[in-house]
Asks: 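My questions all concern the structure below.
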Amino acid sequence: MDVTNKQFDEVIVACREIFAKKLYDYGASWRILRPESVTDQIFIKANRIRSLEVKKENRVDEGILPEFIGIVNYGIIGLIQLQLGYADTIDITVEKALELYDRHVSENKELMCAKNHDYDEAWRSMRISSYTDLILMKIYRTKEIEEHAGQTLISEGVDANYRDMVNYAIFGLIKLHFGDEQA
């Protein structure tokens with residue numbers, strides 16, 4: 001799992017770099033997004049990935065990789081929004097946003113390590129298209145939970161679904177960047 005930890009760190013550096021640059025350009029304008037809007041942003045990105053996978057052609061000069069990065073970053077934004085609640089204005093600094101980003105990435109990495117231990121890194125044998133489908137399934141689950149005002153009878157909440165979406169997107173990024181390399 002040392003290889004996975006290093007690969008996780010490498011792809012998250014690219015995601016964080018884009019997050020930081022967008023913070024510079026726009027500030028934390030995403031603070032106004034309600035969780036449902038974050039979920040819809042992730043849906044747009046995952047749906048585009050699936051569309052590109054099925055059609056095998058894209059007419060916009062961006063491929064699957066930036067969409068997985070977007071899912072990671074919007075998933076982290078979703079976790080921040082669940083933690084802080086949404087705001088009517090930009091109410092946090094760039095530094096605070098990056099601190100929160102790093103904290104949620106760290107928690108996601110801990111979750112990934114625990115699940116990798118229990119599942120023996122089964123994700124490495126999966127296809128990238130399966131990550132896309134699982135992310136879309138998690139989005140539909142999240143939408144249902146949001147329709148129920150966050151209440152579940154037995155299932156994990158919105159936060160757990162965001163975390164899974166982030167980690168599936170990271171697995172996709174690892175596979176796209178490193179291929180099936182494991183050692």
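Remember, it's a predicted structure, so these values are computed and weren't measured experimentally.
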Asks: Nearest 0.5 Å, please: how far is CG in L23 from CZ in R16?
Replies: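 Output value for this atom pair is 9.0 Å.
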Asks: Please report the interatomic distance CZ(F8) to CG(L173), rounded to the nearest 0.5 Å.
Replies: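 F8 CZ to L173 CG: 10.5 Å, rounded to 0.5 Å.
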Asks: Do D159 and Q83 touch side chain to side chain, with heavy atoms closer than 4.5 Å?
Replies: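 Result no, sub-4.5 Å side-chain heavy-atom pair not found.
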Asks: What are the two closest heavy atoms between I145 and G157, and how far apart are they?
Replies: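 The answer is CD1-C, 4.2 Å.
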Asks: How close do L33 and V38 get, heavy atom to heavy atom, and via which atoms?
Replies: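 Smallest interatomic distance, heavy atoms only, reads CB-CG2, 3.9 Å.
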Asks: Fit a plane to each ring of F171 and W123, take the angle between them on a 0 to 90° scale, and name the class: parallel (under 30°), tilted (30 to 60°) or perpendicular (over 60°).
Replies: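 Rings of F171 and W123: parallel, as their planes differ by under 30°.
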Asks: Supply the atom-to-atom distance N167 CG to I174 CD1, rounded to the nearest 0.5 angstrom.
Replies: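 The distance works out to 9.0 Å.
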Asks: Should we count CG of D25 as having more than 12 external heavy atoms under 6.0 Å?
Replies: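 Atom CG in D25 is packed in, count exceeds 12.
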Asks: Where do I139 and A46 come nearest, in terms of heavy atoms and distance?
Replies: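 What the structure gives for the nearest pair is CD1-CB, 3.8 Å.
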Asks: To the nearest 0.5 Å, how far apart are OH in Y162 and CD1 in I77?
Replies: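 Taking OH in Y162 and CD1 in I77, the distance rounds to 10.0 Å.
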Asks: Using the rule that Ile, Leu, Val, Met, Phe, Trp and Tyr join whenever any side-chain heavy atoms are under 4.5 Å apart, tell me whether Y74 and L98 fall into a single cluster.
Replies: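 Linked, Y74 and L98 end up in one cluster.
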Asks: Within this structure, what is the CZ-CD distance for the pair R50 and E67, rounded to the nearest 0.5 Å?
Replies: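 One gets 15.5 Å once the value is rounded to the nearest 0.5 Å.
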Asks: So with a 6.0 Å cut-off around CD1 of I32, is the heavy-atom count from everything else above 12?
Replies: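 No, the 6.0 Å shell around CD1 holds no more than 12 heavy atoms from other groups.
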Asks: Roughly how far, to the nearest 0.5 Å, is SG of C15 from CZ of F68?
Replies: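 Answer rounded to 0.5 Å: 11.0 Å.
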Asks: Can you tell whether the side chains of E17 and K21 come within less than 4.0 Å, N to carboxylate O?
Replies: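 So E17 pairs with K21 through a salt bridge.
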Asks: Give the C-alpha distance, both sets of side-chain angles, the deciding distance and a yes or no for side-chain contact (heavy atoms from CB on, under 4.5 Å) between V166 and I170.
Replies: CA-CA 6 Å; V166 168; I170 288 172; 3.8 Å; yes
Asks: Linking I/L/V/M/F/W/Y whenever any side-chain heavy atoms sit under 4.5 Å apart, do V105 and L84 land together?
Replies: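 In one cluster with V105: L84, yes.
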Asks: I'd like to know if the side chain of Q81 and the backbone of W30 have a donor-acceptor N/O pair within less than 3.5 Å.
Replies: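 Yes, because the side chain of Q81 sits within donor-acceptor range (under 3.5 Å) of the backbone of W30.
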Asks: Looking at every non-hydrogen atom in both residues, tell me the closest pair between E146 and V158 and how far apart they are.
Replies: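 Of all heavy-atom pairs spanning E146 and V158, the closest is CG-CG2, 4.2 Å.
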Asks: Please name the residue in the list K109, E99, R163 that meets the side-chain hydrogen bond (donor to acceptor under 3.5 Å, both in side chains) test with H104.
Replies: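 Filter result, single survivor: R163.
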Asks: When clusters are formed by joining ILVMFWY residues with side-chain heavy atoms under 4.5 Å apart, either directly or through shared neighbours, do L52 and F43 land in the same one?
Replies: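 Same cluster.
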Asks: Would K22 and N73 count as a side-chain contact (heavy atoms from CB on, under 4.5 Å) here? Give the steps.
Replies: CA-CA 11 Å; K22 289 194 180 232; N73 287 342; over 6 Å; no
Asks: Could you walk me through whether M112 and N5 pass the side-chain contact (heavy atoms from CB on, under 4.5 Å) check?
Replies: CA-CA 9 Å; M112 180 210 60; N5 286 332; 3.8 Å; yes
Asks: Indicate yes or no for a side-chain donor-acceptor contact from T142 to the backbone of K138 under 3.5 Å, with no hydrogens or angles considered.
Replies: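 Such a contact is found between T142 side chain and K138 backbone.
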Asks: Does E53 CD have over 12 foreign heavy atoms under 6.0 Å away?
Replies: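 Counting neighbours around CD of E53, more than 12 heavy atoms of other residues, nucleotides or ligands fall under 6.0 Å, so yes.
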Asks: Decide yes or no for N108 and V72: does some side-chain heavy atom of the first lie under 4.5 Å from some side-chain heavy atom of the second?
Replies: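 SC-SC contact between N108 and V72 ruled out.
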Asks: State, yes or no, whether a side-chain contact exists between T39 and E36 at a heavy-atom distance under 4.5 Å.
Replies: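 Contact flag for T39/E36 side chains = no.
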Asks: Could you tell me whether K115 and D164 make a salt bridge, using a distance below 4.0 angstrom between a side-chain N and a carboxylate O?
Replies: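 A salt bridge is present here (some side-chain N lies under 4.0 Å from a carboxylate O).
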Asks: Minimum heavy-atom separation for P35 to L82, with atom names?
Replies: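 P35 and L82 have their closest heavy atoms at CG-CD2, 4.0 Å.
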Asks: Decide whether I49 and I44 are clustered together by the hydrophobic rule: side chain heavy atoms of Ile, Leu, Val, Met, Phe, Trp, Tyr closer than 4.5 Å, transitively.
Replies: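 I49 and I44: separate clusters.
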Asks: Just so I know, are the side chains of Y101 and I12 near enough to count as touching, which here means a heavy-atom distance under 4.5 Å?
Replies: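 The answer is yes, as the side chains (C-beta and beyond) meet within the 4.5 Å cut-off.
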Asks: Could you report the tightest heavy-atom contact between A160 and E156, atom names first, then the distance?
Replies: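 Where A160 meets E156 most closely, the heavy atoms are CB-CB, 3.4 Å.
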Asks: Please examine the side chains of K6 and E10, heavy atoms only from C-beta on, and report whether any two atoms are closer than 4.5 Å.
Replies: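 Of all side-chain heavy-atom pairs linking K6 with E10, none is under 4.5 Å.
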Asks: Please check if L176 and Y168 belong to a single hydrophobic cluster, counting links between Ile, Leu, Val, Met, Phe, Trp and Tyr side chain heavy atoms closer than 4.5 Å.
Replies: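 Yes: a chain of side-chain contacts under 4.5 Å links L176 to Y168.
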Asks: In sequence, state the C-alpha distance, the side-chain angles, and the governing distance for I135 and K45, and then conclude on side-chain contact (heavy atoms from CB on, under 4.5 Å).
Replies: CA-CA 10 Å; I135 291 167; K45 297 190 170 307; over 6 Å; no
